[in-house]
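Here the structure comes first, spelled out in structure tokens, and everything after it is commentary.
As the structure lists them, so they are numbered: ligands from 1, and atoms in each ligand from 1. From a predicted model like this one, the values you see are computed outputs, not experimental measurements.
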Amino acid sequence: MNRIKGKIVIITGASSGIGEACSRIFASHGANLLLVARRKKKLDLLREELLKENKITVKTYELDVCDREKVKDWAGTLKKEDLTPDILINNAGLASGLNKFHEGDFTDWDRMIDTNVKGLLNVSRVILPVMVERNQGHLVNIGSIAGHMVYPQGNIYCATKYAVRAINEGMNIDLYGTKIKVSSIDPGAVETEFSRVRFKGDEKRAAKVYEGFEPLKPDDIADAVFYVVNSPEHVNIQDLVIMPTAQRNPYLLHREEK
Ligand code: NDP
Ligand code: 8X3
């Protein structure tokens, strides 16, 4: 059963990886999309592709989720244009660097905290009230297995994803008694631009992360997000952890010898 058709879905970080894959699956089920990222050109290319294949509307927004004032203005624009979101997928996020805590870089730390925590809060704070007013909606946070177990040199990235898990729980608790659902989807290794961003464009180092095993694809996570959002009204999947079969936790990742 398709419970998505005609719904308005906001996806942050739709210009690549998991967010892009979510855009495709929601579009193919007839959702109207509001796509957010900093790279507007990439969003517009995706929009063209989605409009060719589906009878939907797609709007794209160049927006840095860390910029609170711009996020507020954007929410004002949605309101003026009568775009009432049914679903929010808080996916924009990144890792920056992989260092021992005592060798950590303040700029990396700020980037991760500002994007993964404050960015998610900024967007949620302006969109959730619209859902509360209608007593309807679904908010999906893209967490990580890094929010369940800390790994060496993961320190601050893991801390941001632990924060996402706590925020997910806090939202669920505060929305007790409403019909609004809140879910966290927590992936293990997914091959996207994630490692390229973490290692600041070092393609070789990024490629090594996915060597010797079959990582998850962005579509695997998009399928799960779709399943969660398309579940019946009385079902609220609060936390879903998904890993490649070769991975059982952040430490146990089985790689085949070449
Ligand atoms: P990608 O790097 O492929 O995608 C990240 C997306 O986030 C891009 O679209 C990027 O767009 C957007 N983004 C980053 N910063 C901002 C910002 N300040 N404002 C708006 N958009 C922003 O990585 P993934 O698809 O892998 O990452 C998506 C989410 O999944 C992240 O939250 C990540 O932590 C999480 N995750 C990833 C895993 C993995 O192994 N890949 C595993 C577990 C969780 P742009 O640069 O155009 O702004
Ligand atoms: C991204 C996956 O294992 O690098 O959240 O933390 S991991």
Side-chain angles (χ1 to χ4, degrees), residues 10-24 34-46 60-68 70-71 74 89-98 110-123 140-165 167-168 184-201 205-206 208-210 213-222 224-225 240-244 246-253:
I10 298 173
I11 304 174
T12 68
S15 60
S16 101
I18 295 169
E20 185 179 335
C22 286
S23 307
R24 288 211 173 86
L34 309 178
L35 306 182
V36 170
R38 294 165 303 178
R39 287 171 295 174
K40 175 93 160 52
K41 267 194 190 155
K42 289 204 79 184
L43 291 181
D44 287 338
L45 283 174
L46 177 62
T60 59
Y61 301 90
E62 180 177 342
L63 179 66
D64 182 340
V65 295
C66 307
D67 189 333
R68 184 167 294 154
K70 291 226 170 93
V71 171
W74 164 74
I89 303 175
N90 275 324
N91 163 76
L94 47 79
S96 193
L98 186 72
D110 285 345
R111 249 183 114 195
M112 291 187 277
I113 294 165
D114 288 349
T115 312
N116 302 357
V117 183
K118 291 165 94 177
L120 180 145
L121 293 176
N122 291 340
V123 176
V140 178
N141 294 310
I142 304 298
S144 170
I145 58 166
H148 292 259
M149 193 182 265
V150 179
Y151 53 84
Q153 303 174 17
N155 44 59
I156 309 306
Y157 177 71
C158 295
T160 66
K161 291 299 183 178
Y162 269 73
V164 171
R165 193 144 73 93
I167 291 162
N168 188 74
S184 183
I185 311 291
D186 302 344
V190 191
E191 191 165 8
T192 62
E193 292 182 10
F194 178 85
S195 294
R196 233 178 293 159
V197 172
R198 170 172 251 173
F199 300 127
K200 298 163 190 175
R205 195 171 173 200
K208 271 200 176 332
V209 174
Y210 309 107
F213 74 105
E214 187 172 354
L216 294 170
K217 295 174 195 66
D219 283 345
D220 298 322
I221 302 305
V225 173
L240 192 61
V241 179
I242 310 168
M243 280 178 247
Q247 182 176 37
R248 300 304 157 117
N249 70 30
Y251 299 94
L252 291 175
L253 179 49

Worksheet item: For the residue pair L46 and A14, what are the closest heavy atoms and their distance?
Response: CD2-O, 3.4 Å

Worksheet item: Between R198 and E193, is there a salt bridge with N-O shorter than 4.0 Å?
Response: no

Discussion item. Taking 4.0 angstrom as the limit and counting only heavy atoms of P187, give me the atoms of ligand 1 inside it, by number and element.
Written reply: 42 (C), 43 (C), 44 (C)

Practice prompt. Among all protein heavy atoms, pick out the one at the shortest distance from atom 26 (O) of ligand 1; state its residue, atom name and that distance to 0.1 Å.
Written response: T192 OG1, 2.7 Å

Discussion item. I want to check something: taking the side chain as every heavy atom from C-beta on, are W74 and V36 in contact at a cut-off of under 4.5 Å?
Written reply: yes

Worksheet item: Is there a nitrogen or oxygen of I145 sitting under 3.5 Å from a nitrogen or oxygen of ligand 1?
Response: no

Worksheet item: Which of the atoms in ligand 1, numbered in the order shown and given with their element, are less than 4.0 Å from a heavy-atom of C66?
Response: 18 (N)

Worksheet item: Under 4.5 Å between any side-chain heavy atoms of L63 and V71, yes or no?
Response: yes

Worksheet item: Any side-chain heavy atom of V150 sitting closer than 4.5 Å to one from N155?
Response: no

Worksheet entry | F199 side chain reached by L98 side chain, heavy atoms, under 4.5 Å | yes

Item to complete: Find all atoms of ligand 2 within a distance of less than 4.0 Å from any non-hydrogen atom belonging to R198, and give their numbers and elements.
Response: 4 (O)

Discussion item. Is A189 close enough to touch ligand 1? Criterion: a residue heavy atom under 4.0 Å from a ligand atom.
Written reply: yes

Worksheet item: What atoms of ligand 1 come within less than 4.0 Å of a heavy atom belonging to D64?
Response: 17 (C), 18 (N), 19 (N)

Discussion item. With a 4.5 Å cut-off on side-chain heavy atoms, are K70 and D64 touching?
Written reply: no

Item to complete: Decide whether the shortest distance between a heavy atom of G188 and an atom of ligand 1 is less than 4.0 Å.
Response: yes

Fill in: L63 neighbourhood, listing ligand 1 atoms whose heavy-atom distance to it stays under 4.0 Å
19 (N), 20 (C)

Discussion item. Using a 4.0 Å cutoff against the non-hydrogen atoms of G17, which atoms of ligand 1 qualify?
Written reply: 3 (O), 25 (O)

Worksheet item: Which atoms of ligand 2 are found less than 4.0 Å from any heavy atom of S144?
Response: 1 (C), 2 (C), 5 (O), 6 (O)

Fill in: Test item: N249 and I145 side chains (from C-beta on) under 4.5 Å apart, heavy atoms
no

Item to complete: Of the side chain and backbone of T115, name the one, both, or neither that has a heavy atom under 4.0 Å from an atom of ligand 1.
Response: side chain

Worksheet item: Is there a side-chain contact between L240 and D186, using heavy atoms and a 4.5 Å cut-off?
Response: no

Discussion item. Looking only at distances, can you tell me whether any N or O atom of V197, backbone or side chain, sits closer than 3.5 Å to an N or O atom of ligand 1?
Written reply: no

Worksheet item: Which heavy-atom pair separates P218 from E191 by the least distance, and what is that distance?
Response: CD-O, 3.5 Å

Worksheet item: Tell me, which protein residue and heavy-atom name are nearest atom 25 (O) of ligand 1, and how many Å apart are they?
Response: I18 N, 2.9 Å

Worksheet item: Are any of the N or O atoms of A37 closer than 3.5 Å to those of ligand 1?
Response: no

Worksheet item: Which residue supplies the protein heavy atom nearest to atom 7 (S) of ligand 2, what is that atom called, and how far is it?
Response: Y151 OH, 3.4 Å

Fill in: Flag side-chain contact, heavy atom, 4.5 Å: T12 against I89
no

Item to complete: Rounded to the nearest 0.5 Å, what's the gap from CG on L43 to OG on S23? Could you check?
Response: 8.0 Å

Item to complete: Just need the protein heavy atom nearest to atom 32 (O) of ligand 1, so name the residue and atom and give the distance.
Response: N91 O, 2.8 Å

Worksheet item: Hey, is G143 one of the residues with a heavy atom under 4.0 angstrom from ligand 1?
Response: yes

Discussion item. Looking at every heavy atom in both G93 and N116, which two are closest together, and how far apart are they?
Written reply: CA-OD1, 3.2 Å

Item to complete: Classify the side-chain pair S184/N168 by whether it contains a donor and acceptor separated by less than 3.5 Å.
Response: no

Worksheet item: Got the closest protein heavy atom to atom 34 (O) of ligand 1, with its distance?
Response: Y157 OH, 2.7 Å

Response to the item:
the protein heavy atom lying closest to atom 12 (C) of ligand 1 turns out to be G13 CA, 3.5 Å

Worksheet, complete the sentence: In this structure, atom 46 (O) of ligand 1 is nearest to the protein heavy atom R38 NH2, 2.9 Å

Item to complete: Heavy-atom contacts with S15 under 4.0 Å: which atoms of ligand 1 show up? List them by number with element.
Response: 8 (C), 9 (O), 10 (C), 11 (O), 45 (P), 47 (O)

Practice prompt. Specify the protein heavy atom at minimum distance from atom 21 (N) of ligand 1: its residue, its atom name, and the distance to 0.1 Å.
Written response: A92 CB, 3.5 Å

Discussion item. Run R165 and H148 through side chain to side chain contact (heavy atoms under 4.5 Å, CB included) and show every step you take.
Written reply: CA-CA 8 Å; R165 193 144 73 93; H148 292 259; 3.5 Å; yes

Response to the item:
Ranked by distance from atom 1 (P) of ligand 1, the top protein heavy atom is S16 OG, 3.2 Å

Fill in: Close N or O approach (S144, ligand 1; < 3.5 Å)
no

Worksheet item: Going from CD1 on I113 to NZ on K118, what distance comes out if it is rounded to the nearest 0.5 angstrom?
Response: 8.0 Å

Discussion item. Looking at ligand 1, would K161 count as a contact under a 4.0 Å heavy-atom criterion?
Written reply: yes

Discussion item. Looking only at distances, can you tell me whether any N or O atom of V190, backbone or side chain, sits closer than 3.5 Å to an N or O atom of ligand 1?
Written reply: yes

Practice prompt. Could you tell me whether K208 atom NZ has more than 12 heavy atoms of other residues or ligands within 6.0 Å of it?
Written response: no

Worksheet entry | N116 touching ligand 1 at heavy-atom level, < 4.0 angstrom | no

Worksheet item: Which of the atoms in ligand 2, numbered in the order shown and given with their element, are less than 4.0 Å from a heavy-atom of A146?
Response: 6 (O)

